[in-house]
Amino acid sequence: MRSAGAVQSKFLQVPDAREGDRLDAGLAKILGISRTAAAELIASGGVTMDGNQIGKSHRLVAGELLEVTLLDKPASVALTAEDVPELRVVFEDEHIVVVDKPAGVVSHPSQGFVGPSVGGVLLSRGIELATSGAQERQGIVQRLDVGTSGLMVLAKGERAYSVLKQAFRDRTPKKTYHALVQGHPDPASGTIDTPIARSQRHDYKFTISQNGKPAVTHYEVKEMLPSAALVEVGLETGRTHQIRVHFFHFRHPLVGDPLYGSDPKLAAKLNLERQWLHAVKLGFAHPISGEWQEFSSEYPSDLEIALSRLRDVEFRL
């Protein structure tokens, strides 16, 4: 991740699907950002072709090579149209695409984050997404934190987008996570039902608040380990940072999550650089056929290694 204000420059080849688009509209699609942000980038001189600056009304031709540069200014967009081989497409048809997102990839571009997004990666591979809603969130019907890995579904068509958005509002999809939490939860299974709101002190954090939105988390301990427990988590709601906030409130923060109270010594011992949290299963009714679909994902290597170290009989803090 680069800090805001850093210089980024890359070459983008115009895909066939963007033939004839105005530069601002086409660039927004290619990068997965808003059209306004694309226009600002163009106006700043950040888009050139053959060394010459081009205007937002330029009509794109398939195969053209654009050089896109963010100069020394606070970056409101990220050059997200790059492939991330670790982001695996699990399933795709003409209506939806299910991906296995690695940590370090944001669900959609956001202010202050300069790095790859799920939508940007898919667009770089020529996978078109629904255009309903904000441009930078095209196709997004659910989100995972940048430091959380696992399964996500995106909509490719407008009908699929509308149906899936409503399904997630109605809480009908089945979302299952595995989390490694500090300590040994007691009871070993249960439900955490406490509202969540944005923190009044730090706008990047969330907290328990009776004035917040309803948030319901079900959990069951799968394995007791030295200083930690592997927990299976089912979500009824999908609030930002929900699992992380609820287990912090429960006094069992996720291993590797210093934002929500984890022990840095334990994370260092496990060589873990992000929260131990993975979306292992995702089930939902297909938005067009209505057929129930269910997908699963294996732990990525960093989480598997951390878990193996804890299982080592000689492990000590």
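The first residue of the sequence shown is numbered 1, and numbering continues consecutively from there.
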With sequence neighbours excluded, tell me which residues meet ring pair (Phe, Tyr, Trp, His ring centres under 6.0 Å) with Phe11. none
Those residues that, when tested against Glu92, pass salt bridge (Lys or Arg N to Asp or Glu O under 4.0 Å) (two or more places apart): Lys156
Which hydrophobic side chains are connected to Val245, either touching it within the sub-4.5 Å cutoff or through other members that do? Ile196, Tyr204, Phe206, Ile208, Phe248, Leu259, Tyr260
Residues which pass salt bridge (Lys or Arg N to Asp or Glu O under 4.0 Å) with Arg198, listed by chain and number, not counting sequence neighbours: none
Side chain to side chain donor-acceptor pair (under 3.5 Å): pairs with one or both residues in residues 52-62, sequence neighbours excluded: His58-Glu64
Should the heavy atoms of other residues, nucleotides or ligands under 6.0 Å from CD of Glu273 be counted, would the total exceed 12? no
With sequence neighbours excluded, what pairs up with Tyr177 under the ring pair (Phe, Tyr, Trp, His ring centres under 6.0 Å) test? none
Taking ring pair (Phe, Tyr, Trp, His ring centres under 6.0 Å) as the test, write out the residues that go with Phe168, two or more places apart. none
Show me the donor-acceptor pairs within less than 3.5 Å that the side chains of residues 230-239 make with the rest of the protein, sequence neighbours left out.
{"residue": "Glu232", "atom": "OE1", "partner": "His178", "partner atom": "NE2", "Å": "2.9"}
{"residue": "Glu236", "atom": "OE2", "partner": "His218", "partner atom": "NE2", "Å": "2.7"}
{"residue": "Thr237", "atom": "OG1", "partner": "Val216", "partner atom": "N", "Å": "3.0"}
{"residue": "Thr237", "atom": "OG1", "partner": "Gln242", "partner atom": "OE1", "Å": "2.8"}
{"residue": "Thr237", "atom": "OG1", "partner": "Gln242", "partner atom": "NE2", "Å": "3.2"}
{"residue": "Arg239", "atom": "NE", "partner": "Pro214", "partner atom": "O", "Å": "2.7"}
{"residue": "Arg239", "atom": "NH2", "partner": "Pro214", "partner atom": "O", "Å": "3.1"}

By salt bridge (Lys or Arg N to Asp or Glu O under 4.0 Å), Lys175 pairs with (sequence neighbours left out) none
What do you reckon, is CZ of Arg201 surrounded by more than 12 foreign heavy atoms closer than 6.0 Å? no
Do side-chain atoms of Ser308 reach the backbone of Glu304 as a donor and acceptor pair under 3.5 angstrom? yes
Here the salt bridge (Lys or Arg N to Asp or Glu O under 4.0 Å) pairs for residues 143-155, sequence neighbours left out, are Asp145-Arg244
With sequence neighbours excluded, what pairs up with His278 under the ring pair (Phe, Tyr, Trp, His ring centres under 6.0 Å) test? none
Contacts of Glu67 meeting salt bridge (Lys or Arg N to Asp or Glu O under 4.0 Å) (sequence neighbours excluded), chain-then-number -> none
